[in-house]
Every structure is written in structure tokens, then in C-alpha cells.
Amino acid sequence: MNKINCALSRVSAVILAVAFVFSGCQKDDINPNREYDQYLVDVTGSEAYETAEEFTDYLSTTYMLSVPEIAAKIMFKLISWDDLLALSLKFYRELGKLDGGEIERYTFTYNTTDVFGRPVVLSAGLMVPNTKAHDKQHTIEGITLYNNFFAKASVTPSLMGSCMMERAAFNHAVVVPDYEGYGVDYGKHHHPYFEYAVLARQSIDCELAALELLKEIGVNVPENCPTYNIGISKGAPVALAVQRLMENSVSEKIAKKINLYDTFCSCGPYDIGPIARAYFDDPDGKPLYLSTLLVCSAYFSHPDIFKGYSPEDFFCENFNNTRVDYLGGNYSLFELAEKIIEEDYPKIIELYESQGIYTIQDVFAPSFFKEDGSVDYGCHLLNLLLEVMDKGQLSGGWSPKSGVMLMHSVNDVLADYGVFTETFNNLKYNGTGVSNPYVTKWIDYIFDHDILSGIGIVCAMLMEDPAGDKLMDLYTKFDLSFLQ
């Protein structure tokens, strides 16, 4: 191991800057083309929150307010994020896990591979409990791997922490990757939205790098320390893909380092091929920005399949010719789709509607549709798009070997409930008719995608094991006694 260079300073909190390189790790078998043998690159900073109150203030005035749909709708608008955070910290203190001590946040970069299998350096956030409050090396009880959903580029986990930061109060190390196209990689690569296997590999590499970082900051990770794998909304299929990779594709070395305990997913678009077909067949109420994200993900991640085509070939003339002023720039509506990571997507929908874009017929090329307006599945370009989406199917041909809890809503217009049911049955029975006891679900009949995603976040924040048997008890309290 190379010598560690440390620089310490204080502004309003402890700032730790460390640069170091690890070597000597054997190559794993997730990607045989990997050209490096190290994970952690360096640590660019840390902050320590001295009190629970300071921690609450930090979260409520930064990251949490950047997710307005969740903040506005959750729990029937009866509780603010400020109150929720204060309540959860009170909950932790009652458990004896947090006694007004600090929670530290680190930013680090790590080696992984991009959507084409090439080496790339990405960034991530790490949150740990009270390491400086102990005279001896601190031992954690678990690791939370939170597969983040996309929001604003300015609030990526490496920059601003995460709503899962509070799980550090369970005496966990909380690991949250930014992913390709985010954080230090912003502007360098397109984010591969629906390439779940790629994003899962980046999550696994992120945890491997975090394990090295934990050694450097004096945190002891006991043997077989459990990893609680969590994903909400777009992060849910990434979490499920992490479990699939860990159970089927990683080397024995990695399997020994990462002890995947169970997986909790809420409101995920898991099998994107069937979801795309449901979107085309019944577009009413479906968010229009999904149409451009499908193209973004497929076109830029699979240039070999779309050789000879341009992004404009997917869209109608009016959609291609429309440009809007937004966030200080002038963009086509296709370019605007990727700006979702800079701003909340309701603003994108408002801009679409201001330009007369209301239906998928207002978005896609005329060749995608028959004369009666129905989708033409004989269209070659559409079939190429769906072929790419089908490659990312997560269910089928695999039977989970550790617990996975799937929370979903019958009212979900983004992640179609009918498709979810097929996905769940594929995971539960794997075509054998034999029920897999590791696979469970919790179905909601009241909320929509945004609200249930928010509730999924709260369940994950408040429960040490949100995939465990007590989930339904906590969930019931949201509309009964939880606020009392």
C-alpha cells in the first residue's frame, strides 16, 4: 500500500483530505476486460456533524428539499421533512444507536467500468457513525448499500449526502454511488438509465472501494458483516440487479468481501422491455419524459445496434425542431430529457406541454404508429429499441437465494403494475411452480409512484432491515399511530 498523505483543517466541521492508492487486489470475474486491480482511488473530503440537531438541519435544508414531490405528498402532507427527520433521530436515540454524537460523511472516487466495459473513475458518498468519538477502532454492525435514484446533478450523494445518511445511526456504514454520468463523471458520459447490470456492477465496485476506505478511517468491518441492499424507484432495479450479480456472477473473492444479507426495493421498473411495451400500448397518464429516457439509454449505450441512425430518427419533425430556453441554455426537447438530472422532472413535463407535446404521438416518429394511431410493432427502429430494453430483463432464469422484498403500488403509472406482477411471479416461481420463500411483496392500493417511493424511503430510513418481517407493521403506522 502506498503511503497515505493526510491534510487536516477545520472550517465549520472536520475536513479530511486523503490521497492514496491500493494495489495487489486480484481481478474479479464480473468483467473479464477490466484493466486495473484496485478499487479506491482517493478521498476528497469529509464532514462531521457534531450533534443530531445539526445533522437534521443540514439534511432538511439541502438534499431533502430537492425532492419536492416526496416532501409535498408523503403521509398526506401531514408531516414535513423537518419533522420526519427529527422523529427518525428520536427513534434512533430510543434504540440506543445514536446519542447526540456525530455522523461523518466522506466523498471518495473509485475505479469501475463504464457501459462499454472501459475503465472509468466514478464518485460516491460514505456515511459512518461516531468514528472520532471512540478512543479505539470503531466496529460497525452492518453496511447499507443504497442504490440512488436520479434527481438533480447538484445533489448527488458525493456532494450532498443522501436521504439514507441517517442509517449510519443504526451503526451502519452507508455507501451511496453517484453512477456513470453523475458526480465527477457529469458531462463526460451519458447516464445509462436502464442498463441495470452496468449500474449494479458500479454499485458493487463502489462498496468494495468503501471497504478499503473504512479501514483507512479506523472503522472495523467484522467478518461476514451484513450488507443491506436498498433501492427506491429507478434505484430499485439496480438493487435487484446487484443481488442477481452477487448470487450468480461475482468471483469467490468478492462474495467473501460482500455478505449480501437481503434486498429492499420500492416502486421499481424492473423489466424495462415489458414496461416499454405497456407504455406504448397504454400511454394515458404515463410521463412523457420516459419516452426520451428510453431513447437516451438505448441509443448512447448501444451504438453498434443503432449504427446508421441518429437520435432525431426516433422523433417526429415538430419534436426535433422545437427548442426551448432552460437553465441558462437553449435545448432541443431531446437534449432537455437529460437535463432531468439537473432539475425536477415536473418542470420538464410543463415545458413539453407548453410546446403542445401531450402524447407519445407528439414525440415519436410517424413510422412508430399505424394510420389508426396504434403502435406499429412492425417498425424496424422501434423493434431495435425494444430489443435493447429486453436485454436488461432482471426476472426469469434466476431464483433469489437471499431475501428480497418488493414494495409496489397498483396505481403506479411509471412502473406498470401488470408488468410488476409478471416480474414478481418470475422471481417467486422461476417457471417451476415452486414458491421461493425468499421473495416477498407488499402491495399498496392507495398511493401513486411518487408517494409510495417516499414511503419506501422512510421505511428504509426507520428500519434496520426494511426487507424483514416487520415492514408491514411499520407501514400500517403511516395512517394509524405513527404520527401520535
Side-chain angles (χ1 to χ4, degrees), residues 1-7 15-46 105-127 145-148 150-162 173-193 195-217 235 238 241-242 245 250-251 253-254 257-258 297 300-301 338 341-342:
M1 182 182 300
N2 295 338
K3 184 178 179 180
I4 301 172
N5 300 312
C6 299
I15 304 297
L16 171 65
V18 187
F20 49 88
V21 176
F22 288 88
S23 60
C25 300
Q26 297 178 0
K27 297 181 180 180
D28 66 78
D29 61 2
I30 291 181
N31 189 327
N33 297 319
R34 174 167 287 149
E35 298 177 359
Y36 53 84
D37 58 2
Q38 63 189 43
Y39 294 100
L40 188 61
V41 176
D42 67 7
V43 184
T44 56
S46 86
R105 180 176 69 86
Y106 295 81
T107 294
F108 66 96
T109 53
Y110 67 100
N111 279 314
T112 184
T113 48
D114 68 10
V115 71
F116 303 112
R118 302 172 303 200
V120 64
V121 174
L122 301 181
S123 50
L126 172 70
M127 285 65 72
L145 177 62
Y146 180 54
N147 302 276
N148 198 43
F150 61 87
K152 294 182 182 179
S154 60
V155 291
T156 53
S158 65
L159 295 174
M160 304 299 288
S162 166
V174 183
V175 182
V176 192
D178 286 341
Y179 299 123
E180 186 173 348
Y182 289 76
V184 296
D185 197 50
Y186 178 64
K188 299 178 182 178
H189 295 89
H190 295 277
H191 179 64
Y193 294 95
E195 298 295 316
Y196 300 140
V198 174
L199 298 171
R201 185 180 66 242
Q202 293 171 0
S203 282
I204 292 171
D205 287 346
C206 182
E207 180 168 345
L208 291 168
L211 289 170
E212 299 291 352
L213 173 56
L214 289 169
K215 295 177 185 177
E216 292 303 314
I217 61 176
V238 181
V242 165
L245 276 178
V250 302
S251 65
K253 176 189 68 118
I254 290 179
K257 286 188 174 183
I258 298 178
S297 182
F300 293 116
S301 300
E338 291 206 284
I341 64 174
E342 292 190 49

Exercise. Of all heavy-atom pairs between L122 and E180, which one has the smallest distance, and what is that distance?
Worked result: CD1-N, 3.6 Å
Exercise. Would you say the side-chain atoms of R201 pair up with the backbone N or O of T113, donor to acceptor, closer than 3.5 Å?
Worked result: yes
Problem set entry | side chain to side chain contact (heavy atoms under 4.5 Å, CB included) assessment of N111 paired with D205 | CA-CA 7 Å; N111 279 314; D205 287 346; over 6 Å; no
Problem set entry | Non-hydrogen atoms of F116 and F300 that approach each other most closely | CZ-O, 3.3 Å
Problem set entry | side-chain hydrogen bond (donor to acceptor under 3.5 Å, both in side chains) partners for S123, two or more places apart | D178
For this session: Considering non-hydrogen atoms only, spot the tightest contact between L145 and P177 and give its length.
Result: CD1-CD, 4.4 Å
For this session: Flag the pair D185 / Y179 as yes when at least one side-chain heavy-atom distance between them is below 4.5 Å, and no otherwise.
Result: no
For this session: Check for a donor-acceptor pair, side chain of Y110 on one end and backbone N or O of Q202 on the other, with a separation under 3.5 Å.
Result: yes
For this session: Please name all residues satisfying side chain to side chain contact (heavy atoms under 4.5 Å, CB included) with A210, sequence neighbours left out, ordered by chain then number.
Result: F108, L126, V175
Exercise. Got a second to check how far K253's NZ is from I258's CD1, nearest 0.5 Å?
Worked result: 9.5 Å
Exercise. What heavy-atom pair brings E195 and S297 nearest, and what distance separates the two atoms?
Worked result: N-OG, 4.1 Å
Seminar exercise, completed: Scanning both residues in full, the closest heavy-atom pair of V242 with N147 reads CG2-OD1, 3.8 Å
Problem set entry | Residues D114, V198; criterion side chain to side chain contact (heavy atoms under 4.5 Å, CB included); working and verdict | CA-CA 7 Å; D114 68 10; V198 174; over 6 Å; no
